[in-house]
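In this chain, numbering begins with 1 at the start of the sequence shown.
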Amino acid sequence: MRTPWALWDIKRQTIDRISHRRHDFYGLLRRTELYCGGVFFLLPKTLFRIFSCPASDISKILFPAALHVHFVKRFVRPGLNVIAPFLMTAIFPVSILMTGISLTACSQVSSDYQNGGDSETAAPEYVGLTTCASCHQAEMDAWTGSHHDLAMQAVSESTVLGNFNTSTFVYNQVLTTFFRKDGDYYVNTDGPDGKLNDYKVTYVFGVEPLQQYLIAFPGGRLQALGIAWDTRAESDGGQRWFHLYADEVVNADSPLHWTGPNQNWNYMCADCHSTNLQKNYDVENNRYQTDWSEVNVSCEACHGPASNHVDWALSNERANEGTNARTNKRANEGTGMNSDGTGREITVGQTNGTAGGLSNGLVVQLPKAGAGSVIMNTETGIARLEGRTKSHVLLNTCAPCHSRRSRIAKDFLPGRPLMSSHRPSLLREDLYFADGQVRDEVYVYGSFVQSKMYSAGVVCSDCHDSHSLKLRAQGNALCASCHAPDKFDSSTHTKHKAGTDAAQCVTCHMPERTFMVVDPRRDHSFTVPRPDLARRIFAPDVCTSCHTNQTATWASDRIAEFYGTDRRTSMHFGEALSLARQQAPGAAEMLVRVANDPLYPAIARGTALSLMRGLSSRESPDAISRALSDDDPLVRFGAVTATEYFSDRDRLFLLYPLLSDSILVVRTEAARVLASVRAEFTSAVQRKAIERGAEEYITAERVQEERPEAWMNVALIQSALRRFTDAENSYRRALNLNPKGSAAYVNLADLYRLRMLEPESEQILRDGLARIPGDAAINHALGLSLVRQQRSREALPLLKTAADNAPENPRFIYVYAIAANSTGASEEALAALTTGITSHPNDLDILMSLATINRDIREYETALLYARRLQLLIPGDPNVGSLVLELQVARRQN
């Protein structure tokens, strides 16, 4: 929910500053804060911390304060700047008095919010599967044998599916042998030193369509073997050993080797394959003491710790002696009913009308499957859901495991907002195609929240049974529950013969992509085929994936013939993302259109905002400032990242209120971006608030402190806060965890540069090169260090190595070319730039260098060609305009 700043006309103030108007409203606010002791600015944070109010209640309580701010904003004019602080100071006690009326109520609400409706209820504890099954046998029966049940199991005759009868497998010239010894299961394969050794299998991991095997290592680690067993039928190509990275060369030095950190169960897998997992990583000794309540995904993984629920059930039994209370309760639970016999959802802090006002004691009350009515629109053939409260509780229960995300809270409970414990990935280029289709393993969430199903209120359990995980119906019958079969399950719509795979709804609307060699997974964005779009933005086209002998143009024409051309006229967010990824002309304006339009999925809007960091237009600041008060945290998250390159003054003005955001991801990201704001722009209270936010960010990162990237992120914010000694220690921790992590060497060297310690900077980079000699980033950074030391001749080979070894990085190409040109090697510089512009046709630095170097050697025609390309990319830029004019004159004169 929003702070009072949501009522502020940020749009006008942002445009005022960017236009360099003389009326500096930000300065007024800062002076006012100093007069008022910073109380107003810290009010949201203070209320949240002291009274523990949920954000939804804070927004209501703070409305008087919002009116107070609005009053000052409404009546202050440049001529009143002198008296404005006194006006605000005079009015402020009134707003505080009005606010105080609500504090008692807020305190009561916060107690209920934290304790599930009863301040005397003990914190719930995990009771285990057996206890749950004593009342919920039907659910237990459905769950038994499910993928959740079989997510992880101890090794036994019944659980091991692979062939361990002295079978062998060869990968990368390594012979691996699977065998039995003394009743146990072993594998002889290459270890962390590359030598063959025997390893005992302790757990099996997964069941279908493949099974992996976990091996215990020192330090409490379990490592997942890279060779897996294909559990599919032999007729389907299964019943064989295969390597998960069959197309790559993975040896003992590779980060993907089964003994390395990227195949570590404790970090990579355990969270989502066990219940109540406690990782218990000891950072000082680099070891784990991982523990769990259940080895698999059991009842309390989704319903939360159930001790209070058990107490509630027992109290009901005692209160209803002589009746079959347990049977009645089980009947209600089995139909999704709550204790009052209704199907409505009860969330934490609500009551359900029972004696004492208590809910049934569960941490999360999941909505009843199929709740509400499905009302079919006979004209469109598409149903709408009525009588169902739109809720994200179920999605938030599933999403922590069924999403591409990083965990940022040590403890969390199911049903809470995902972004209060996990940082989900936006539509990154390495994970998604520009139109949102799945590129890499993203585990459903990021796809589903793009869909019209999600926006219509469909939840996971509408299609999947929550306990067995099976589909509620097979084939097109599942879709027919909301889409009239006479309209959609017919050749008139599908244009394919009924009963064939091509006529299945999922074939066109949920295309498959195979991961882990044998595991096909369907895209859950439920897209409408758009071959015309796929052709333009280089995304997969579902039509030509089957019609392999045809082109996307053919498919596009056929779609238009069948369904009309209407779908071609509406802009898809993928067009904006594709242009932005290419840094193409018009990208910034299209990103703004996506960000401003609430009809686009929030994850697409957030992604569009995040891409504005490298692109800008006149409308970008306006779009970013408004998005910071959007209701959806995915949008706010993207908007915060977009402000990273704003001026100190603008960042402080826009992001300071978000240090009190109710969502952990948003407020820690705001703290990260604000950490580098220079001290002279902040008051003492603001600086303390930023530092508190930074500490929360560091705590969030250290949830994964066994990972070097976590310490890298910690070091970056410590460096931004100018805590250089702490930052150095954090970089050293990252290097201890991964001595071949080039980014840590480069960043630590940059830290030394900031401290004017250039010899130390050079040395750490040389240490890095000794471990990873061909690394482009280290070569580039060492080259720059030598340039700073006036040793350009030594630097040039290093910069060239960086450009040659990382042609995907235009910055390396540009820097090498500038260095070469500065030493008189213009031909070498132009050769590198000409090669680079082929791969990076819209890179501004490369284009500008090609224009100016060609100008300097009097190749005016060629220079003008590149300058005009620049003009297309950044129209209206005065420097580019001057360059074009200069080149036109030079060409005429020569």
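Side-chain contact annotation: Q278 with K410, donor-acceptor N/O pair under 3.5 Å absent. For the residue pair R416 / T397, no side-chain donor-acceptor distance below 3.5 Å is found, with atom types taken as modelled. A donor-acceptor contact under 3.5 angstrom links the side chains of E706 and Y288, judged on distance only. One side chain, S525 or D523, offers a donor N or O that lies under 3.5 Å from an acceptor on the other. With no hydrogens or angles considered, a side-chain donor-acceptor pair links D282 and N285 at under 3.5 Å. In summary, the side chains of N286 and R221 do present a donor paired with an acceptor at a separation below 3.5 Å, with no hydrogens or angles considered. Between the side chains of R707 and N262, at least one donor-acceptor pair of N or O atoms lies under 3.5 Å.
Contact of the R407 side chain with the S421 side chain is not registered, since no non-hydrogen atoms from C-beta on lie closer than 4.5 Å. Side-chain contact check for V673 versus T641: every heavy-atom pair is 4.5 Å or farther apart. Under the 4.5 Å side-chain criterion, counting only non-hydrogen atoms from C-beta, V449 is not in contact with S455. In this structure the side chain of L413 never reaches within 4.5 angstrom of the side chain of V364, judged on heavy atoms. With contacts defined as side-chain heavy-atom distances shorter than 4.5 Å, the pair R636/D661 qualifies. A heavy-atom distance below 4.5 Å is not found between the side chains of M152 and E294. A 4.5 Å side-chain heavy-atom check between P424 and L634 finds at least one atom pair inside the cut-off. When side chains are defined from C-beta on, R626 counts as touching N596, because their heavy atoms get closer than 4.5 Å.
The heavy-atom pair separating A123 from N308 by the smallest distance is C-ND2, 4.5 Å. Closest approach of C401 and Y443 over heavy atoms only: O-CB, 4.1 Å. Residue G457 comes nearest to D462 through the heavy atom pair O-OD2, 4.3 Å, listed as atom of the first residue, atom of the second, then distance. Between G446 and Y432, the shortest heavy-atom distance links the atoms CA-OH, 3.2 Å. Considering all non-hydrogen atoms of both residues, C398 and C460 come closest at SG-SG, 3.9 Å. Counting all heavy atoms, side chain and backbone alike, A623 lies closest to M612 at CB-CE, 4.3 Å.
For T290, the side-chain hydrogen bond (donor to acceptor under 3.5 Å, both in side chains) partners are N266, not counting sequence neighbours. Shown here are the side chain to side chain contact (heavy atoms under 4.5 Å, CB included) partners of T699, two or more places apart in sequence or in another chain: there are none. With sequence neighbours left out, the ring-ring contact (aromatic ring centres under 6.0 Å, His included) criterion links Y445 to no other residue. Listed by chain and residue number, E429, A434, R439 satisfy the side chain to side chain contact (heavy atoms under 4.5 Å, CB included) test with R581 (two or more places apart in sequence, or in another chain). The side chain to side chain contact (heavy atoms under 4.5 Å, CB included) check on N713 picks up Y697, E701, L716, with sequence neighbours excluded.
Under the ring-ring contact (aromatic ring centres under 6.0 Å, His included) criterion, no residue pair touches residues 705-735, with sequence neighbours excluded.
No more than 12 heavy-atom neighbours from other residues, nucleotides or ligands sit within 6.0 angstrom of CD on Q289. E695 CD: more than 12 foreign heavy atoms inside a 6.0 Å radius.
In summary, R733 and E705 do not engage in a salt bridge, as defined by a charged side-chain N under 4.0 Å from a carboxylate O. Under 4.0 Å is where a charged nitrogen must lie from a carboxylate oxygen, and between D630 and R605 at least one such pair does.
Although no hydrogens or angles enter the test, the distance criterion places a donor-acceptor pair under 3.5 Å between the side chain of K279 and the main chain of V703.
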(message) side chain to side chain contact (heavy atoms under 4.5 Å, CB included), that's the test. Do E300 and N276 meet it? Break it down for me.
(response) CA-CA 8 Å; E300 291 166 293; N276 184 29; over 6 Å; no

(request) Go through the steps to decide whether F412 and H422 satisfy the test ring pair (Phe, Tyr, Trp, His ring centres under 6.0 Å), and finish with yes or no. (result) CA-CA 9 Å; F412 75 97; H422 296 78; 4.7 Å; yes

(message) With side chain to side chain contact (heavy atoms under 4.5 Å, CB included) as the criterion, how do D597 and F573 come out once you've worked through the C-alpha distance, each side chain's angles and the decisive distance to 0.1 Å?
(response) CA-CA 10 Å; D597 192 340; F573 66 78; over 6 Å; no

(message) Does S403 form a side chain to side chain contact (heavy atoms under 4.5 Å, CB included) with V442? I'd like the steps, not just the answer.
(response) CA-CA 6 Å; S403 64; V442 292; over 6 Å; no

(request) Starting from the C-alpha separation in whole Å, work towards a yes-or-no answer on side chain to side chain donor-acceptor pair (under 3.5 Å) for R651 and S676. (result) CA-CA 10 Å; R651 275 181 287 146; S676 59; 2.8 Å; yes

(request) Using the side chain to side chain contact (heavy atoms under 4.5 Å, CB included) rule, take D440 and D430 through it: C-alpha gap first, then chi angles, then the decisive distance, then the call. (result) CA-CA 7 Å; D440 200 358; D430 59 325; 5.8 Å; no

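Below 30°, between 30° and 60°, or above 60°: for H148 and H402 the angle between ring planes is between 30° and 60°, a tilted geometry.
Distance check: F448 CZ to I603 CD1 gives 12.5 Å after rounding to the nearest 0.5 Å. Here E728 contributes atom CD and S719 contributes atom OG; the two are 11.0 Å apart, rounded to the nearest 0.5 Å. Put simply, CG on L427 and CZ on R404 are 13.0 Å apart, with the number rounded to the nearest 0.5 Å.
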